[in-house]
Amino acid sequence: NRTIMNVRGLFGGLEESVLPGVIDGEERNLAAYDDALSELGLTPDHRTLLLHHRERLSARIEEMRADAR
């Protein structure tokens, strides 16, 4: 999704009609992070890394939501 956003940005930015689909896809990615975080046996380092990535993704989703308004 990030690649699509970057390529589209080269041509004048994302149209508002595209953002809901991108946001939906990224929310599904958040769910995948939640699934991974619920797995037993994660090392503390892996859990920290997953949480960090999830937080960054969540922040990007909020930015996209703000742009869609």
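What you are looking at is a predicted structure, and each value in this text was computed from that prediction instead of being measured.
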**Q** Give me the atom names and distance for the closest heavy-atom approach of L50 to A36.
**A**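 Looking at all heavy atoms of both residues, the shortest contact is CD1-CB, 4.0 Å.
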**Q** Got a second to check how far I23's CD1 is from L30's CG, nearest 0.5 Å?
**A**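 Answer rounded to 0.5 Å: 11.5 Å.
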**Q** Under the side chain to side chain contact (heavy atoms under 4.5 Å, CB included) criterion, do N29 and E26 qualify, and how do the steps go?
**A** CA-CA 5 Å; N29 288 335; E26 295 297 1; 2.9 Å; yes
**Q** Would a hydrophobic clustering, with Ile, Leu, Val, Met, Phe, Trp and Tyr connected at side-chain separations under 4.5 Å, put L51 with Y33?
**A**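 Linked within one cluster.
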**Q** Can you tell me how far apart CG (L19) and CD1 (I61) are? Round to the nearest 0.5 Å.
**A**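 That separation rounds to 12.0 Å.
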**Q** L37 and L42: which non-hydrogen atoms are nearest, and at how many Å?
**A**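 Looking at all heavy atoms of both residues, the closest pair is CA-CD1, 3.8 Å.
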**Q** Quick one: which of H52, R54, R60 gives a side chain to side chain contact (heavy atoms under 4.5 Å, CB included) with R56?
**A**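 By the side chain to side chain contact (heavy atoms under 4.5 Å, CB included) criterion, R56 pairs with just one of H52, R54, R60: H52.
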**Q** Once rounded to the nearest 0.5 Å, what's the spacing between atom CG of D45 and atom CZ of R47?
**A**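 Here the rounded value is 11.5 Å.
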